[in-house]
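Chain identifiers are assigned alphabetically (A, B, ...) following the order of the sequence lines, protein sequences preceding nucleic acid strands; residue numbering begins at 1 within each chain.
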Amino acid sequence: MTPVIQTHNLSRTYGRTNALRGLNLAIPQNSIYALVGPNGAGKTTIIKLLMNILKPTEGNADVLGIPSTQLAGDAFTRIGYVSENQEMPDWMTIQVFLDYLRPFYPQWDHTALVRQFNLPLDRKLRHLSRGMRMKVALASVLAFRPEIILLDEPFSGLDPLVRDELIEGLLDRASETTILISSHDLAEIESFATHVGYLQQGQLLFSDEMSTLSDRFREVEITLPHPQPLPAAIPATWLQPQAVGTVIRFTHTEAANGAASAELAQIFPTARNITLTPMSLRSIFLAIARTEAHAIQKGREA
Amino acid sequence: MNQVLHIFKKDARHLWPQLLASLGFFIAFGWVSVKNALQTNGLTMFIGTILSLLVYMNGWILTVQAVHDESLVGENQFWLSRPYRWPNLLIAKVLFIAVFFCLPLLLTQVAILAGCGLNPLASLPALLLNMARLTTVMLIPVFALSVVTSSFPRFTLTVLAALLYLGLLIWGSSLLSSRLYLNVLPDPYSMPLILTIFVIVCLTAITLQYATRSTMRTRLTLVVLPVCIVALMLARPTAALARHLYPDIAQASQLPGSMVFDSDPSRQVPDLSNGRRRAAPNGIALPFNFSGVAADSIVRAQGVQVEISAANGLHWSSGWQQVFQIILPREKMPSNIYILVDPDFLRRLGSTPATVTVSLANAQLAAGQRSEAIAAGDDYRLPNGGVCAADTFTSALRCRYPVYTPQLAYMTGRWTSGPCPETPSATPTGPEGGVWLGGGNSYGVAFALSPVETGQLQFSNRPYGKGIGPSFICPGTPVSYTPYTVVRQFRTTQTISNLDLTRYSTGTVQMH
């Protein structure tokens, strides 16, 4: 499928800080792509680069086939953007705000959205709660039926009820649009994302379909007859290997095919028991994050 | 265009309280300006000054607020991800300033002219030119600073920083060269050139910021601009300009008059009361006698340059300094030429005899058609469009002109210090007097908001400061008016030897 967002070696520095390093990303059409990573990983930077709010230091990105640095004017009738930090014209009421935006777009309909999100039209934006502001922001994007919606931490700090309302509003349009959503909380997006990318310290550690990811990662536990140290050459596909007494545990990153069990049996011929357990998305990310943190620590010590 | 109007309407809706206040300022300013132009009054002059300031500040605040409604600095503004076209956004902001500041100001100025009995329609081109100048100098820099700031407090801080920067730049350049302030021969090229560069750079910065939002690059452009202007002023080829604009007349027969240094000791600068010379001289006043100017013309000295050298090797040369001195067609007209001189040089020179070469850049003006009229009513209407009336506050004849000071003219008439008689007198009995008017400011009221230029006329035979009553040109009084126009410009040079400059030095008096 043709990606609607594609980046090549996309990088951005702030002074001497590398906020984003050589990002290569492809987001297929009609997917819900969750960009996950801890705070400061570079998620907001990516989205702002894609929106042409920031300019890349190196590399490039295409959004709907348009180089991101050329995105302007009419191109934004096809792209919606919602951010937790967006500054709105606070002096406007919701009604005035929606009416003001309407003439900028060839198609616009906010009537159903006002009802769906239960928006108080006569309330000024400056008097709205955080949850209500996010609902207005999302409604003002969904109203013009964009081909792509970029959401930067839209659920951060929201109560579960509002979050569910926003997700519901998004999913109503999921069939006709591509969604890129950033979050530092896996639980927020695990239930509806079709693709996921994990970003840490400006680098994309992996990017995959959710279903493939669940298939690939397994928690491995090997029980041996006698205590035994870890093998000298540990494969790169084993994350966080630990030997505790007669038990060896690690996360296998390529356990999608049945060959993994046979491979492990070959390495540990005396093993009494080998179990491969499916992992939750949260466990997968924790394993990846800890491995990376360990590697960085080792790198610093070296 | 739809997008332009849409953004414009949004700004007007947002800023309506300011626009209402703005309307009030314009009405009050117009009313007070008419009062001030018609009659001098201390209180209304003070109120007029305050209102001028308010109108200026109102223009600045409206500009800043309109620009900041879609701030160009930052990454979180809602409009960045909306289908705004930057040229439309820029045009909408310009339209807002034009409609809510320039247009009301223009209408106020038209009303002020009409209220002062001056013809606004005849002055419309001058008013428009004046508005362009006002916008260039007052609003474009504010617009440029607004596009590189995100809020009004930040704008205010930036203005303060910019003023500090300009102050330091001017101070630094004054250390580098005193030519910046002294080398000011009037020429028709320098100011338009500097203004053109100023406008082009500011407009480029504004457009660049709207097109690319490269704030750092735009700020850098604005930081470099004053440096370029100061460099341009320092590098101004005044000597070449003087040669070009004021060609040297070698043959005395071609001169419209003669200039001779007067060595009479009575015309030296007098000693201080204790018999000492000035301890901190900063200039010299050289006495000259001018003669031979034809009856139908005058000569106006516009610039002076001096070179001083002494036998002990000391040498100093001034740049071209501005003077404004009218030399009349009168036999042996005495007059002093004042020249600023480096105080250190004067101190080192002391009373050592020096050779002084004085060059004057002059304009010869020929008398035009003399018109004579009989004054009618309380206001005397000048042929150049101005109107004069007695001012009870200053005891002088006060004239008002539309936008520009008129061309240089000489007016004669019999004025009276008492109230005019009920019935016009065919033979006025007051003293005959003459007065020069106009010819000073070719830039009009470019930097003032009121379109009325006022000036007081003190007749030649009228004593100053004697506490006498106001001057009246009573109805029925014959008045003559002779305009003068420049027919040629030329330069004259005279060398004076063995001069003790301590006898001609001026400056501050130091107390010991």
Which one wins on heavy-atom pair count under 4.5 Å against chain A: B:His14, B:Gln77, B:Arg85?
B:His14
To the closest 0.5 Å, what do you measure between CG (B:Leu80) and CG (A:Asn52)?
9.5 Å
With rounding to the nearest 0.5 angstrom, report the CG to NZ distance, A:Leu101 to B:Lys10.
10.5 Å
Inspect the surroundings of CZ in A:Arg123 and state if more than 12 heavy atoms from other residues, nucleotides or ligands are less than 6.0 Å away.
no
From CA spacing to verdict: side-chain contact (heavy atoms from CB on, under 4.5 Å), A:Met92, B:Arg13
CA-CA 10 Å; A:Met92 291 185 184; B:Arg13 182 175 184 161; over 6 Å; no
For the residue pair B:Pro83 and A:Thr77, what are the closest heavy atoms and their distance?
CG-CG2, 3.6 Å
For B:Arg82 and A:Ser140, work out which heavy atoms get closest and say how close.
NH2-OG, 2.7 Å
Residue among A:Leu71, A:Val96, A:Ile79 with most heavy-atom pairs under 4.5 Å to chain B
A:Val96
Heavy-atom pairs under 4.5 Å with chain B, option from A:Tyr105, A:Tyr81, A:Phe104 with the top count:
A:Phe104
Which label fits B:Phe78 and A:Phe97: parallel for a plane angle under 30°, tilted from 30 to 60°, or perpendicular past 60°?
perpendicular
If I measure from the heavy atoms of chain B, does A:Leu54 come under 4.5 Å with its side chain, its backbone, both, or neither?
side chain
Donor-acceptor contact below 3.5 Å, side chain B:His6 vs main chain A:Pro103:
no
Contact class of B:Ile7 relative to chain A, heavy atoms under 4.5 angstrom
both
Validation row: A:Gln86, B:Asn76 side chains within 4.5 angstrom (heavy atoms):
no
